[in-house]
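Computed from a predicted structure; not experimentally measured. Ligands are counted one by one from 1 in listed order, and the atoms in each one are counted from 1 as well. Numbering starts at 1 and runs along the sequence shown.
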Amino acid sequence: MTPINENFGKLPGSYLFSTVAKKVAAYAAAHPEAKIIRLGIGDVTQPLVPAVIKALHAAVDEMGRAETFRGYAPDLGYSFLREAIAENDFKARGCDISSDEIFVSDGAKSDSANIQELFGADAVIAVCDPVYPVYVDSNAMAGRCGEYDTEAGRWTRVIYMPTTAENGFVPELPKETPDLIYLCSPNNPTGTALRKNELQKFVDYANEVGAVILFDAAYEAYIEEADVPHSIYECEGAKTCAIELRSFSKNAGFTGLRLGFTVVPKELVRGGASLHAMWARRHGTKFNGAPYIVQRAGLAVYTPEGKAEIREQIAAYKKNAAIIRDGLTAAGYTVFGGVNSPYLWLKTPEGMSSWEFFDWLLETVHIVGTPGSGFGPSGEGYFRLTAFGSLENSVEAMERIRKARV
Ligand code: PLP
């Protein structure tokens with residue numbers, strides 16, 4: 001018999017969003033008259049901005065002419081894009097990151113799931129709890145998480161760092177020493193963000209114990225408060241302990257186009273090995289580059305027109321976030337996030353679990369959100385709504401919630 005990777009069999013249930021989708025599909029089939037508002041999954045809804053569309057058209061035309069046709073892209077990304085990223089996302093913020101420390105990819109989901117390949121099978125991971133499920137699941141598939149304890153809703157070999165209202169959504173440094181620390185700021189799902197001094201604490205700790213921080217900044221574009229860092233490299237010493245993951249999905253609406261990048265500084269060395277060289281080797285072996293036309297579209301994001309158009313899109317999502325935050329508060333809910341993030345994180349009403357509130361919201365007001373418990377054990381008793389819907393739907397959803405307060 002062919003041996004299989006038995007770690008897959010240890011994964012709990014199906015992926016959170018497919019469970020939500022199945023429940024919603026079943027409800028919609030049984031109640032075709034219900035006007036369902038989806039504020040659940042973190043996908044964007046606004047179309048790509050004109051500067052990006054223009055760049056896509058021009059790149060498609062180039063691909064149709066022998067003299068400008070492009071075949072395989074460089075594994076690590078075209079230099080025109082890597083240089084624009086280094087300049088705009090890092091040098092402009094005072095971070096000393098060069099273009100050859102940037103690895104262009106097809107998005108932050110694959111990078112955040114694949115990055116664990118650089119580390120030993122026995123590396124111990126620490127995650128914020130609750131957090132984006134991909135970090136734990138990808139390590140579980142690699143056999144690093146031990147066994148899943150269904151009752152407790154947690155893996156036996158993962159260090160969970162509770163990130164809840166009790167600690168102001170700032171995780172404490174772990175008591176046992178991890179090898180890898182996943183941080184996401186602004187965080188999905190809590191919608192909260194770490195301040196510079198809070199992130200600096202983690203950087204100092206990682207350098208002290210020799211851990212590596214995997215910093216996911218997919219929601220960086222939503223930051224508005226001055227003391228929230230946009231990149232971990234704004235912290236002193238981060239280049240010797242941190243890898244940063246970025247995405248074009250939530251700032252520029254590339255969820256369907258696919259583009260992201262990972263920064264691996266050259267100074268980052270563990271066990272005598274350069275993680276930069278290892279990631280270059282891994283990328284070169286397993287990835288044949290993001291499409292030329294998509295990288296051209298990515299470059300358009302950094303033009304003056306692209307920047308202005310994207311700023312407007314983000315402002316529209318942030319307006320929705322403010323409407324949802326104010327609406328929930330007026331309806332008597334305790335709500336967090338939504339300031340530096342498109343996510344709102346609310347406490348479920350007394351005595352209601354995350355999934356019970358999910359069912360109540362769907363059945364009573366036909367609104368879809370995401371149960372907090374799906375993001376980790378400390379997410380129980382919380383619920384996530386997103387600001388990625390339309391203005392009209394955000395307003396209507398709050399109207400319905402206000403009228404139907406449990
Ligand atoms: N990282 C976080 C924290 C996310 O919430 C998401 C998507 O929801 C991603 C990464 C995925 O980004 P991408 O679309 O670039 O794969």
- Residues Ser231 and Glu244: side-chain donor-acceptor under 3.5 angstrom: yes
- Query: Should you measure from each heavy atom of Gly107, which atoms of ligand 1 turn up under 4.0 Å away?
  - Reply: 15 (O), 16 (O)
- heavy-atom search around atom 5 (O) of ligand 1 in the protein gives Tyr219 OH, 2.5 Å
- Message: Any heavy atom of Cys184 closer to ligand 1 than 4.0 angstrom?
- Response: yes
- Task: For the residue pair Phe358 and Trp355, categorise the inter-ring angle as parallel (less than 30°), tilted (30 to 60°) or perpendicular (more than 60°).
- Result: perpendicular
- Message: Checking the N or O distance criterion of under 3.5 Å, is ligand 1 in contact with Arg258?
- Response: yes
- Query: Parallel, tilted or perpendicular: which describes the rings of Phe261 and Phe90, with under 30° parallel and over 60° perpendicular?
  - Reply: perpendicular
- Item | Nearest-neighbour protein heavy atom for atom 14 (O) of ligand 1, which is reported as residue plus atom name and distance | Ser249 OG, 2.6 Å
- Item | ligand 1 to Asn188 polar contact by distance, N or O atoms, under 3.5 Å | yes
- Message: Parallel, tilted or perpendicular, judged at 30° and 60°: which one describes the rings of Tyr132 and Tyr135?
- Response: perpendicular
- For atom 8 (O) of ligand 1, which protein heavy atom lies nearest, and how many Å away is it? Lys250 NZ, 2.8 Å
- Message: For atom 11 (C) of ligand 1, what's the nearest protein heavy-atom neighbour? Residue, atom name and distance, please.
- Response: Tyr132 OH, 3.4 Å
- Query: Relative to the ring of Phe169, is the ring of Tyr382 parallel (under 30°), tilted (30 to 60°) or perpendicular (over 60°)?
  - Reply: perpendicular
- Polar side chain donor-acceptor pair, Gln116 to Ser138, under 3.5 angstrom: no
- Item | Residue and atom name of the nearest protein heavy atom (relative to atom 3 (C) of ligand 1), distance in Å to one decimal | Asp216 OD2, 3.2 Å
- ligand 1 contacted by Tyr135 (non-hydrogen, < 4.0 Å): yes
- Query: For Asp106, is at least one N or O under 3.5 Å away from an N or O on ligand 1?
  - Reply: no
- Asn88 versus Lys307, side-chain donor and acceptor atoms under 3.5 Å: yes
- Does a side chain donor of either Asp89 or Tyr302 reach within less than 3.5 Å of an acceptor in the other side chain? yes
